[in-house]
Asks: 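Let me begin by handing over the structure; questions about it come next.
In what follows, every chain begins at residue 1, and chains take the letters A, B, ... in the order their sequences are listed.
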Number of protein chains: 2
Amino acid sequence: MSTGVRNSWQDVRKYVRGQILNLTYRPGDKLPRDEDIARELNCARSTVHRAMRSLAEDGIIERRRKAGTKVNPDPVTRATLDIPITRIEIESRGYTYRHQLIESRVLKAAPAHLVRPSTTDAIPVCHIRTLHLADERPFVFEDRWVSLQTVPEIRDVDLAEISANEWLVHNRPYSNCDVEIFVDRTTDTEARIMEVLSGTSLLVLERTTWIDAAPITHVRAVHAKGYRLISTDRQARP
Amino acid sequence: MSTGVRNSWQDVRKYVRGQILNLTYRPGDKLPRDEDIARELNCARSTVHRAMRSLAEDGIIERRRKAGTKVNPDPVTRATLDIPITRIEIESRGYTYRHQLIESRVLKAAPAHLVRPSTTDAIPVCHIRTLHLADERPFVFEDRWVSLQTVPEIRDVDLAEISANEWLVHNRPYSNCDVEIFVDRTTDTEARIMEVLSGTSLLVLERTTWIDAAPITHVRAVHAKGYRLISTDRQARP
DNA sequence: GGTATTATTATGTAGGCACATAATCTGAAT
DNA sequence: ATTCAGATTATGTGCCTACATAATAATACC
């Protein structure tokens, strides 16, 4: 367990991770200093640092200057969800994609969704409702508000041709995104559009995106029955 | 826009990110070589590299050797969910936590959940059902299988004292975790335990954890009505 | 014209050095 | 004993060099 030919940072990562997995170090335990690990594995401190930073980013260890490194005493299950453009998601499942613009209307003032506590002014918005279909069956219904202050050009976009979802992703990068996932009883309108019984509970994703403090868009996406969100596993499986 | 005193990698990151946000570079566009950015900002290539790697990890840019760096042409909304120990989650909301062990039983063979395609053998498991309460109201109902091959010690744990959830998190680190999130109609038993009408649809999180190829546990966690999963925003907000 | 081989090149990694930074620890002063 | 100031120290950053690696681009060959 010493002076092996481990020299890549990924090997160092595996080595430390292995010691955590095999309970050599348990949650809350202090790990050796980077320098000591470097000497033990016969590599540079910067290489160990690289490995440790990766483990810290994944929430496996905690690092603090002077205090040193310890195994995270309260590990959380960290799941990463990649939410692609709806068209891509539908097509990658082998279905034929189509979207239907149900409504696109300009409003003088936005509802509370788009407004952060700090912002008090009334923002003009575009209210867009779109149904995404997979093989002609309702897949996702989007109820979206777009800030015309941040994205005035959206007025000129033919949203029947390209969905607001896709246009925004390709034309308005954001700096921040809030996501909430929950179950909600569909409204009568939503139920009709999604072709389910009125009052059926469906999975809802609400997202708000921002450029710094300026809101771009808020969307409530109601997903068809049976939809599953699946986490992307960052670690390669052997 | 040149030779400023930007020299930390986070400044470089902000600089490049700013250019993407202000549409200087749009999705699919090629960015300059690290070396050129370094010269422009008057810093070392390694500093630019550090910044670019961070952007690549966040899915904002794509890097390929020789081909160079480009803005991700198909950005995805990347949401990170931190799923803490249920007790911590309940207590951090200001409720009083209690859990109730409903069943703990040893089975000779696991149901399909715990078995990856490759594994064909029958695995002995412990089947544990636990209700977590917040202020004495049902919060999460866990239906869990634990592999006795990987975690034989769990037989000796007093699961009425410490929940399987908490014990496992503190005693069995995992290398891989699959998470699925969906809406499901509760079974009659689940509905009774969660104190909802039979057939009510609730939010379900299913997780499976592994040490390499060896399964540790699979859990179906049925969440109370009104539960919301909220993403943790990695970027600091100004 | 197509195909295999060989440069070329942008990113990735390893190592080393110096110094910055943030906790912690120590010890002096009250 | 408590508080405050300064020393200590483990991690964090920046810069540099050299080399590895994976793609692409260029070339030679048939």
Asks: May I ask you to verify if any side-chain N or O of Ser8(A) is less than 4.0 angstrom from the OP1 or OP2 atom of dA14(C)?
Replies: yes

Asks: Please give, in whole Å, the distance from dC15(D) P to Trp9(B) CH2?
Replies: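 Value for this atom pair: 14 Å.
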
Asks: Starting from P on dT13(C), measure out to CG on Asp11(A) and report it in whole angstrom.
Replies: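 From Asp11(A) CG to dT13(C) P: 12 Å.
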
Asks: Using a cut-off of 4.0 Å on non-hydrogen atoms, how would the nucleic acid contact of Glu62(B) be classed: base, sugar-phosphate, or nothing?
Replies: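 Counting heavy atoms under 4.0 Å across all strands, no contact is made by Glu62(B).
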
Asks: Provide, to the nearest angstrom, the distance between the CD atom belonging to Glu57(A) and the C1' atom belonging to dG12(D).
Replies: 13 Å

Asks: How long is the line joining CE of Met52(A) and C1' of dA10(D), in whole Å?
Replies: 11 Å

Asks: On the side chain of Arg50(A), is there an atom forming a donor-acceptor pair with the base of dG12(D) - under 3.5 Å, no angle test?
Replies: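 Between dG12(D) and Arg50(A), which were checked side chain against base, a qualifying N/O pair under 3.5 Å is absent.
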
Asks: Rounded to the nearest angstrom, tell me the gap between atom NE2 in His49(B) and atom P in dA14(C).
Replies: 10 Å

Asks: Does Asp34(B) pair with Arg63(B) as a salt bridge, N-O distance under 4.0 Å?
Replies: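 Salt bridge between Asp34(B) and Arg63(B), a charged N being under 4.0 Å from a carboxylate O: yes.
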
Asks: Once ring pair (Phe, Tyr, Trp, His ring centres under 6.0 Å) is applied, do any residues pair with His223(B), and if so which ones, sequence neighbours excluded?
Replies: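 Expected list: Tyr227(B).
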
Asks: Rounding to a whole Å, what distance do you find between Arg39(B):CZ and dA10(C):P?
Replies: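 Rounded to the whole Å, the gap is 11 Å.
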
Asks: In whole Å, what is the span from the CG atom of Asn42(B) to the P atom of dG14(D)?
Replies: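 Value for this atom pair: 13 Å.
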
Asks: Between Lys30(A) and Arg64(B), which is nearer to the 5' end of DNA chain D once each is assigned its nearest nucleotide?
Replies: Lys30(A)

Asks: Does this structure show an ion pair linking Asp29(A) with Arg26(A), if we count only N-O contacts that are shorter than 4.0 Å?
Replies: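 Looking at Arg26(A) together with Asp29(A), the answer is no, because their closest N to O distance does not fall below 4.0 Å.
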
Asks: With nearest nucleotides of DNA chain C determined for Arg33(B) and Arg53(B) from heavy-atom distances, which residue corresponds to the more 5′ nucleotide?
Replies: Arg33(B)

Asks: For dT13(D), take OP1 and OP2 only and decide whether either is under 4.0 Å from a side-chain N or O of Gln10(B).
Replies: yes

Asks: Which of these nucleotides, dG12(C), dT13(C), dT24(C), is closest to any side-chain atom of Arg65(B)?
Replies: dG12(C)

Asks: Considering only side-chain heavy atoms of Ala44(B), which listed nucleotide, dC15(D), dG12(C), dT24(D), is closest?
Replies: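 Closest nucleotide among those given: dC15(D).
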
Asks: Both Lys66(A) and Ser46(A) contact DNA chain D. Which one's nearest nucleotide lies toward the 5' end?
Replies: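 Going by which nucleotide is closer to the 5' end, it is Lys66(A).
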
Asks: Surrounding OH of Tyr95(B) (heavy atoms of other residues, nucleotides or ligands, distance under 6.0 Å), is the total greater than 12?
Replies: no

Asks: State which of dT11(C), dT13(D), dG14(D) makes the closest approach to the side chain of Thr47(B).
Replies: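 Looking only at side-chain atoms, Thr47(B) lies closest to dG14(D).
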
Asks: Donor-acceptor pair under 3.5 Å: do we get one between Arg45(A)'s side chain and the base of dG12(D)?
Replies: yes

Asks: Between Asp34(B) (CG) and dC16(D) (P), how many Å, whole number?
Replies: 15 Å

Asks: Is a donor on one side and an acceptor on the other found under 3.5 Å between the side chain of His170(A) and the backbone of Pro73(B)?
Replies: yes

